[in-house]
Structures are given as C-alpha cells and as structure tokens.
Amino acid sequence: MEWEQAEAGGRRRAHRGADRQEVIRQVLRYVTEHPESFASLAVCRRALGSEPDGGQVDEATRARLEARLETVPDDELEAYYYIIS
C-alpha cells in the first residue's frame, strides 16, 4: 500500500492508487480500538448520519459502518481516514 506523508501536521493520506480494502480495514480497526473517541464518533456521524447510542461504537454500529464504507466514494473514504489519522 502506498502512503503519502502530508507536509503539514505529519498526517498520512491514501494515494488514489492505494488499496481501498486496506483503508477500510484501517478505519474499522481504529473505530474498534477507540470506540469512545471523538474521531470514531465523527466518522460514524458522518458515514451513518448519527452518533452511536451511548456515545461509543458497539458491534451493531461497527457492522453498519463496515457496510457503509464499502459503498462510499473514494474521496469520502479518504476523509474518514484523515479523521482517524
């Protein structure tokens, strides 16, 4: 997988040629490992239209998010990656 180091802030971003499934795995891994973080909640709010009940990502929310990530355009997926990185 190719990554580009952003010049300002040290954030990584996916190249257009990056493996889409790997980016999805990275987002899901972050959300799973940090279910109460502002970044995880922001990704869910943006992708699903609302924050998870209880203020943290549970298995049902993660499953909905995974299904949604499969259908979003590449630029939206990149935005989710930016949020969690």
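Nothing fancy with the numbering, it's 1 onward along the sequence.
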(request) Report yes or no: does T61 contribute a side-chain atom to a donor-acceptor pair with the main-chain N or O of V57 at less than 3.5 Å? (result) no
(message) Are the side chains of S40 and P35 in contact, using a 4.5 Å heavy-atom criterion?
(response) no
(request) With rounding to the nearest 0.5 Å, note down the distance linking CG in L41 to CD1 in I83. (result) 11.0 Å
(request) Could you tell me which non-hydrogen atom of Y80 sits nearest to which non-hydrogen atom of A47, and how far apart they are? (result) OH-CA, 3.3 Å
(message) Just to verify, what does E76 make a salt bridge (Lys or Arg N to Asp or Glu O under 4.0 Å) with, not counting sequence neighbours?
(response) R46
(request) Check whether any side-chain heavy atom of D58 sits under 4.5 Å from a side-chain heavy atom of P52, and report yes or no. (result) no
(message) Restricting to side-chain hydrogen bond (donor to acceptor under 3.5 Å, both in side chains), what partner residues turn up for R64, sequence neighbours left out?
(response) none
(request) Flag the pair L77 / R20 as yes when at least one side-chain heavy-atom distance between them is below 4.5 Å, and no otherwise. (result) yes
(request) Quick one: closest heavy-atom pair of L69 and I24, and the distance? (result) O-CD1, 3.7 Å
(request) Decide whether E51 and Q56 meet the rule of one side-chain donor and one side-chain acceptor closer than 3.5 Å. (result) no
(message) For the OG atom of S85 and the OH atom of Y30, what is their distance to the nearest 0.5 Å?
(response) 9.5 Å
(message) Taking salt bridge (Lys or Arg N to Asp or Glu O under 4.0 Å) as the definition, give me every residue that meets it alongside E66, ordered by chain and number, with sequence neighbours left out.
(response) R62
